[in-house]
Amino acid sequence: MNPTFLNRRAFLSNVGLSLGSAAISGLMARDIGAAVPTTTGLPHLAAKAKRVIFLCMAGGPSHLETFDYKPELERLHDQPMPEAFTKDQPIAQLQGQQLMAHRPMCSFDRYGQSGQEISSWLPYTAKLADDIAIVRSMVTEQINHDPAHTFMNTGSAISGRPSMGSWINYGLGSACEDLPGFVVLTSVGGRNPQPIASRQWSAGFLPSKYQGVEFNSAGDPVHYVRNPKGVSQSQQAALVKTIGKLDQHRNSRVANPEIETRIAAYEMAFRMQASVPELMDVSDEPQHILDLYGATPGDGSFASNCLLARRLAEKGVRFIHLYHRGWDHHGDLEKYMDICCGLTDRPTWALVTDLKQRGMLDDTLVIWGGEFGRTPMVQGKGTTAGRDHHIKGFSMWMAGGGIKGGITHGATDELGYHAVENTVHVRDLHATMLHQLGLQHDRFTFPFQGLDMKLTGVEKARVVKGILAS
Amino acid sequence: MSVSSSPHGPTGSRQSPVQKCRERDPHNQIVDRQSRFRLPAEIIRDSALAISGLLVREVGGRSARPYQPAGYFRHLNFPKRSYSHDTSKAQWRRGVYVHWQRMFLHPMMKAMDAPSREECTAERPRSNTPSAALTLLNDPTFIEAARAFASRILAEGGGTNHARLEFSFRQALGRSPDPTEQELLVELHDRSKEAFQADPHAARDLLSSGQSPLPKNADPVELAAWTTVARALFNLSESITRN
């Protein structure tokens, strides 16, 4: 490269790449002479977790039928909800209707040495009772699916912000040479699945190389990952090599930093043409592992995706985001809980168990939950009872990656409406997740539109110390 | 300054105006030149189709449905949708007419940062990703365009490799190749031709991509080798960048 053209931006982008972390690009985005950026010296803390597997139960599973037993709802069954709970509260589809309480539609038992209370719909998760920290006091700010996902993923309901997987890859760099650091898998099966927009894994204002890449669980795992018909691997290799040389040659004249990035992108693309099909080909997994998950390779099920999540984790992918849709039970909740739990309960247990037996649970943070919970009030879509969207109190759980197992954190009121004890906001969840990865949420920023943007936003976020192992 | 220094002027053997400008303003702080932008998604499609000779320039009319990975719409709901690509000339219509499925826009458009049209987009991002590389390398639209371009190179580019390369560069990049570029592409052509000679079925497979007819009496091995060269040209940074 002609040194005349080695401007500051180009220089720093090269340095940033060679350091394996691009947080230094926070430097690039600032003007010469600006204040010292806050994102030097990452990670800030000793990391407990190296990666995250986020099991998103899209649609909003009912906390009242999974992890939050409310006997008081039995007593109030079929009676109007006390107005003290519901007055002036945001309501989704039940707006303008009479709000009637509805009893839990399943039984609960205590499991494990810790005696955690878990629904009869989750017999396999129940076996993990001593491994998971159940948070019963989650709250979010968005009551409809798409903005609630956006909020859960980016800390803001306004689209255009980076997804948490992008933030983490930006902060820690990729630990994997031939796969993207942020992979998304969406499973098939269930009821009336809501579409999940690809903007949910957007890099927002972070460099685009941190955006999530969706692997299709059926058909080609990545679009256009296969060579065209008639083109051998060696022909494709020769082509990519020639393109790289021609771009390099061009760059000796025009000195455009984008060309360097592009050459790297082509190299990664070519490596992915081999690594992605290899990753998705689970024929090297022994039968007992397939049986553990209940996975039939290539069926696009949550079970197959859980197995792929473990394989991705082994390869060093930082953030693995699984979506299972179909948890939006406005009516016929019992029927659809049978289906959703039937599809996800066992694979979830298998994933945690498999990570544990490989010694990977210690540095893998597993998070389970939906974008919100469901109302203590009944909704009557369909033929039997269901529940509406609910954001003032719901349950999630976390395991591994330095999280204390066998505990229940926080509580909702006696009707499961409001989180009333140790409330955990979505941004607290983000702060905790970042903390386990060695990132201090309030120091982890990226300059955009004149602001130091954070995953946790401008309001106070706190690490949920109560669920940490040490 | 931008005008008087004529940055777009020809480069001479002595120090050219372009070089003078570069020396005077190496970091473009006094804006002696325009910035190099990657082209928008629709234009990348249009330009490959135009170079190949396939582009349909008809104005208006119904949306076009290009080749799309099978099952891409399977996650859509309310209602469920199916997709079949156009089998008429509509296949090669301009990018602005490509069917726009909100949230699930065509993977090529998405890889090149076309907005999903869920909200107003004042400025598109310009990403530079492996997904975009895979699209330009392997999307059937670009493979078909490459083989159609190869047909043009053989029909219109003259009889020698040198003349054909000159023609293909002029068509794709609007300039002549320099000796280094000549050498690299001749080598790519020769290697590709050798491989297709050893496996003529592979050549026929490559040429079967897309629905446009093959020229009669064309040598499949030669056509496939030039298809490889055309693919290289479509994938150059220069081809998808405003220079």
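Values below: all heavy atoms of this structure, side chains included; hydrogens, waters and symmetry mates excluded. Proteins get letters first, then strands, A, B, ... in listed order; numbering begins at 1 in each. Treat the numbers as computed from the prediction; the structure is a model and nothing was measured.
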J.: Using heavy-atom distances under 4.5 Å, tell me whether A:R262 contacts chain B through its side chain, its backbone, both, or neither.
T.: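 For A:R262, the contact with chain B is made by backbone and side chain together.
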
J.: Please name the pair of heavy atoms, one in A:A265 and one in B:A133, separated by the smallest distance, quoted to 0.1 Å.
T.: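 It is O-CB, 4.2 Å.
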
J.: Need one label for B:L233: side chain, backbone, both or neither, based on atoms under 4.5 Å from any heavy atom in chain A.
T.: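 Neither the backbone nor the side chain of B:L233 comes within 4.5 Å of chain A.
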
J.: Heavy-atom cut-off 4.5 Å, strictly under: side chain, backbone, both or neither for A:H223 against chain B?
T.: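 Both parts, backbone and side chain.
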
J.: When rounded to the nearest 0.5 angstrom, what distance separates OG in B:S131 from CE in A:M268?
T.: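 Spacing of OG (B:S131) from CE (A:M268) equals 10.0 Å.
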
J.: Mind ranking B:R38, B:H201, B:M108, B:K110 by heavy-atom pairs under 4.5 Å with chain A and telling me who comes out on top?
T.: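 That would be B:K110.
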
J.: Is it true that atom CD of B:Q197 has more than 12 heavy atoms of other residues, nucleotides or ligands lying nearer than 6.0 Å?
T.: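 Atom CD in B:Q197 is packed in, count exceeds 12.
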
J.: Does atom CD of A:Q233 have more than 12 heavy-atom neighbours from other groups under 6.0 Å away?
T.: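 More than 12 within 6.0 Å, yes.
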
J.: Heavy-atom distance under 4.5 Å to chain A: side chain of B:I143, backbone, both or neither?
T.: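 The side chain, not the backbone.
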
J.: Checking heavy atoms, do the side chain of B:I240, its backbone, both or neither come under 4.5 Å from chain A?
T.: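 Contact with chain A is through the side chain of B:I240 alone.
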
J.: Does any backbone or side-chain atom of A:E258 lie under 4.5 Å from a heavy atom of chain B? Answer side chain, backbone, both or neither.
T.: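 When you check distances to chain B, atoms from both the backbone and side chain of A:E258 fall under 4.5 Å.
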
J.: Are the side chain of B:D205 and the backbone of A:K229 linked by a donor-acceptor contact shorter than 3.5 Å?
T.: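 Checked: no pair found.
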
J.: Do the side chains of B:T241 and A:R250 get nearer than 4.5 Å, heavy atoms only?
T.: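 Result no, sub-4.5 Å side-chain heavy-atom pair not found.
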
J.: Among the options B:A203, B:S209, B:S208, B:P140, pick out the one with the most heavy-atom pairs lying under 4.5 Å from chain A.
T.: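 Greatest number of close heavy-atom pairs with chain A: B:S208.
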
J.: What are the two closest heavy atoms between B:N138 and A:Y224, and how far apart are they?
T.: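 Result for this residue pair: ND2-O, 2.7 Å.
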
J.: Do B:E238 and A:V254 have side chains that get closer than 4.5 Å, going by heavy atoms?
T.: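 Side-chain contact under 4.5 Å: no.
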
J.: Quick check for you: to the nearest 0.5 Å, what is the distance between A:K245 atom NZ and B:E187 atom CD?
T.: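 Separation between the atoms: 6.0 Å.
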
J.: Please report the C-alpha distance between A:L246 and B:N235 in whole Å, then the side-chain angles of each, then the deciding distance to 0.1 Å, and finally whether the side-chain contact (heavy atoms from CB on, under 4.5 Å) criterion is met.
T.: CA-CA 10 Å; A:L246 287 166; B:N235 276 279; over 6 Å; no

J.: Say you draw a straight line from OG1 of A:T242 to CG of B:L188; how long is it, rounded to the nearest 0.5 Å?
T.: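 One gets 4.0 Å once the value is rounded to the nearest 0.5 Å.
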
J.: Taking ring-ring contact (aromatic ring centres under 6.0 Å, His included) as the definition, give me every residue that meets it alongside A:H321, ordered by chain and number, with sequence neighbours left out.
T.: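 Residues passing ring-ring contact (aromatic ring centres under 6.0 Å, His included) with A:H321: A:F54, A:F319, A:Y323.
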
J.: Which distance, rounded to the nearest 0.5 Å, do you find between the OG1 of B:T180 and the CD of A:Q248?
T.: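 Atom-to-atom, B:T180:OG1 and A:Q248:CD are 12.5 Å apart.
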
J.: Given a strict heavy-atom distance threshold of 4.5 Å, which part of B:D178 is in contact with chain A: side chain, backbone, both, or neither?
T.: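 Side chain only.
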
J.: Distance from B:R231 atom CZ to A:Q236 atom CD, nearest 0.5 Å?
T.: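 Output value for this atom pair is 4.5 Å.
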
J.: Less than 4.5 Å apart, side chain to side chain, heavy atoms only: is that true for B:L137 and A:Y266?
T.: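 Of all side-chain heavy-atom pairs linking A:Y266 with B:L137, at least one is under 4.5 Å.
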
J.: What parts of residues 220-229 of chain B touch chain A if we use heavy atoms and a cut-off under 4.5 Å?
T.: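 Expected list: B:T228.
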
J.: Using every non-hydrogen atom in the two residues, find where A:P228 and B:L206 come nearest and quote the distance to one decimal.
T.: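 Minimum heavy-atom separation between A:P228 and B:L206: CB-CD1, 4.3 Å.
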
J.: Using every non-hydrogen atom in the two residues, find where B:R191 and A:S234 come nearest and quote the distance to one decimal.
T.: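 Closest pair (atom of B:R191, atom of A:S234, distance): NH2-O, 4.5 Å.
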
J.: Are there over 12 heavy-atom neighbours, none belonging to B:R36, within less than 6.0 Å of that residue's CZ?
T.: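 Atom CZ in B:R36 is packed in, count exceeds 12.
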
J.: Heavy-atom pairs under 4.5 Å with chain A: which of B:S192, B:A132, B:A195, B:A111 has the most?
T.: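 Option with the top pair count is B:S192.
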
J.: Using a 6.0 Å cut-off, check whether atom CZ of B:R65 has over 12 heavy atoms from anything other than its own residue.
T.: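 Result for CZ/B:R65: enclosed.
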
J.: Answer yes or no: does atom CZ of B:R204 have more than 12 heavy-atom neighbours from other residues, nucleotides or ligands under 6.0 Å?
T.: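 Open.
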
J.: Which answer fits A:E267, side chain, backbone, both or neither, if we ask what part of it has an atom under 4.5 Å from a heavy atom of chain B?
T.: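 When you check distances to chain B, no heavy atom of A:E267 falls under 4.5 Å.
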
J.: Measure distances from A:S159 to the heavy atoms of chain B and classify the residue's part below 4.5 Å as side chain, backbone, both or neither.
T.: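 Side chain only.
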
J.: Measuring heavy-atom distances to chain B, does A:R199 have an atom under 4.5 Å in its side chain, in its backbone, in both, or in neither?
T.: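 Contact with chain B: side chain only.
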
J.: Highest number of heavy-atom pairs under 4.5 Å with chain B: which of A:Q211, A:R271, A:M272, A:R226?
T.: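 The answer is A:R226.
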
